[in-house]
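Read through the structure below, which is laid out as structure tokens, and then see the notes.
Worth saying up front: this structure is predicted, and the values here are computed from it rather than measured. Within every chain, numbering begins at 1; the chains are lettered A, B, ... in the order of the sequence lines, protein sequences first and strands thereafter.
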Protein chains: 2
Amino acid sequence: MSLTVDLVVLTVRDDRLHVLLIERGKEPFRGKTALPGGFVRSREDSDAAALRELAEETGLDGRTLHLEQLRSYTRPDRDPRGRVVSVAYLALAPDLPLPVAGTDARRARWTPVADLGPGDLAFDHARILADGLERARAKLEYTTLATAFCPPTFTITELRRVYEVVWGVSLDARNFHRKVVNADDFLVATGTRRVPDVGRPAALYRAGGATVLYPPMLRAAAQHPVART
Amino acid sequence: MSLTVDLVVLTVRDDRLHVLLIERGKEPFRGKTALPGGFVRSREDSDAAALRELAEETGLDGRTLHLEQLRSYTRPDRDPRGRVVSVAYLALAPDLPLPVAGTDARRARWTPVADLGPGDLAFDHARILADGLERARAKLEYTTLATAFCPPTFTITELRRVYEVVWGVSLDARNFHRKVVNADDFLVATGTRRVPDVGRPAALYRAGGATVLYPPMLRAAAQHPVART
DNA sequence: CAAATAGTGTCTATCAGACACTATCGA
DNA sequence: TCGATAGTGTCTGATAGACACTATTTG
């Protein structure tokens, strides 16, 4: 039996939610699009393997990203090579340029989630991606995780775009502003401003110490997806 | 490399939160207390193994319980036998008598969670239990999962006890009543009543179709635990 | 009747959502 | 000045929490 990690790496770019995908260089599914990932080595745990694969396949440094275990996929027939259990990870990144270094990262690219069709991904990666998306959407409600999509300092409008893009809704800018500024230790004002091409400059914030968002930013009742067990 | 499942099975009994533990019959940790679980067979997935082990080791039928994957534990040194990856599951059960059938279930017993000391559990099961408890506590806020701790029909006071015992807080009975009755499709009145030894009979309810609880039952801001990644 | 538990009503502070309005920039 | 974006104020309805009060049972 083998153990792999698969990575759902999400970012917001050009007001669309993107996932990092690679083109597979080996069989099975050679040439097909898949989530980045690979085998866990004998003396590392899956967390270490996720960090290593993220660096090798995408050039990203997981220590600077939000990276959490998603869940495991264990169906005996999920990999044609035989029994391969995969531990999936969810990573959230700001809109970083992909280093096209001398690694396998040259095969990695950001793809808009909405552009993916049903059979576009290898293995059971469509399911893993769906689970990752739902986890990310749910955690925006009750945690301060939205800041993981933002650069070290960001404006409230940028933060609002994260919510809008990840949830696929539009939010009232004025109510959103009031809400996030009032939430306990969600944002810390830096005292600096960003001067845009046009319009009034926006105050810059950085993420506060809170991990739990209180009060939560609830999606409207009607927008709640049906929970999967 | 081997794959196991470990089960965090929780129930509320005598106004205390209990976890189902077994006494290990084999090495390693023979005679020591541990979570129920066992090896995943070659042609089953971990969900099937969790159901099978639940039946074999505890006599419970997982199809009638809430059973969900919790997360996986992959540290190479977590099992002295070598590399053993464990997929942990969380199960929530009403206060059922444990069938002491001809299976290994004779080693299973309900133990109050609060009675467990730091080194009482084998392997990394203390950590798995802690993760399971936090998952259960969090899900009571935003889902209708509390009904999984209740028998098919139950009173609102019984449901409130679930929240109080799992969270370790006390809740205002009157506000709780108003809140759960008003939540969308959380509870369905059966039209019947339960006559107690003393006091006014209570209306009996069964779980409604909702899986998401809206509005959520938020733990007070100050009671939110620090999130773990 | 009293004791005990179930359930309703009411008040207040807070919050969400709608939306008018003001502020500050570049051109 | 205008256009554009940032940010504040204000109103209304819903909700949470505190808690007085009523309802229905047994003994």
Out of C:dG7, D:dG17, D:dG7, minimum distance to the side chain of B:R178 belongs to D:dG17

Donor-acceptor pair, B:E141 side chain versus B:P216 backbone, under 3.5 Å?
-> no

ask   = How would you label the contact of A:N182 with the nucleic acid (heavy atoms, under 4.0 Å): base, sugar-phosphate, or nothing?
value = nothing

Using a heavy-atom cut-off of 4.0 Å across all strands, would you classify A:T155 as base, sugar-phosphate, or nothing? nothing

B:A202 has its side chain closest, among C:dC19, C:dT24, C:dA6, to C:dA6

**Item:** Salt-bridge criterion met for B:D131 and B:R135 (N-O under 4.0 Å)
**Value:** no

- Select base, sugar-phosphate, or nothing to describe what A:A173 touches, counting heavy atoms under 4.0 Å on all strands. nothing

* With a non-hydrogen cut-off below 4.0 angstrom, is A:P201 in contact with a base, only sugar-phosphate, or nothing? -> sugar-phosphate

Quiz item: Looking only at side chains, do B:T192 and B:T190 share a donor and an acceptor under 3.5 Å apart?
Solution: yes

Rounded to whole Å, the CG-P distance (A:L187 to D:dG7) equals 11 Å

Ranking C:dG17, D:dT8, C:dT8 by distance to the side chain of B:R174, first place goes to C:dT8

Note: for B:M217 and B:G199 on DNA chain D, the residue whose nearest nucleotide lies more 5' is B:M217

Assign each of A:R160 and B:D197 the nucleotide of DNA chain D bearing its closest heavy atom; nearer the 5' end lies the nucleotide of A:R160

Side-chain contact check for B:N175: nearest option of C:dG7, C:dG9, C:dC21 is C:dG9

Requested in this report: Test the B:R75-B:Y73 pair against the cation-pi criterion, namely NZ or CZ under 6.0 angstrom from the six-membered ring centroid and within 45° of the ring axis.
Outcome: no

Rounded to whole Å, CG of B:L171 lies from P of C:dT5 at a distance of 17 Å

Flag the pair A:R161 and A:E164 as a salt bridge only when some basic side-chain nitrogen lies within less than 4.0 angstrom of an acidic carboxylate oxygen.
yes

Taken to the nearest whole Å, NE2/B:H177 to P/D:dT24 is 13 Å

With the side chain defined as heavy atoms from C-beta on, B:R200 is closest, among C:dT5, C:dT24, C:dC19, to C:dT5

Closest of C:dG17, C:dA6, C:dC15 to the A:P215 side chain is C:dC15

note: A:L204, atom CG; D:dA6, atom P; distance rounded to Å ~ 11 Å

Atom CZ of B:R161 and atom P of C:dA6 are separated, to the nearest Å, by 8 Å

**Prompt:** So, is A:T157 close to the D:dA6 phosphate, meaning a side-chain N or O under 4.0 Å from OP1 or OP2?
**Reply:** yes

Considering only heavy side-chain atoms of A:V198, the closest of D:dC19, C:dA6, D:dA4 is D:dA4

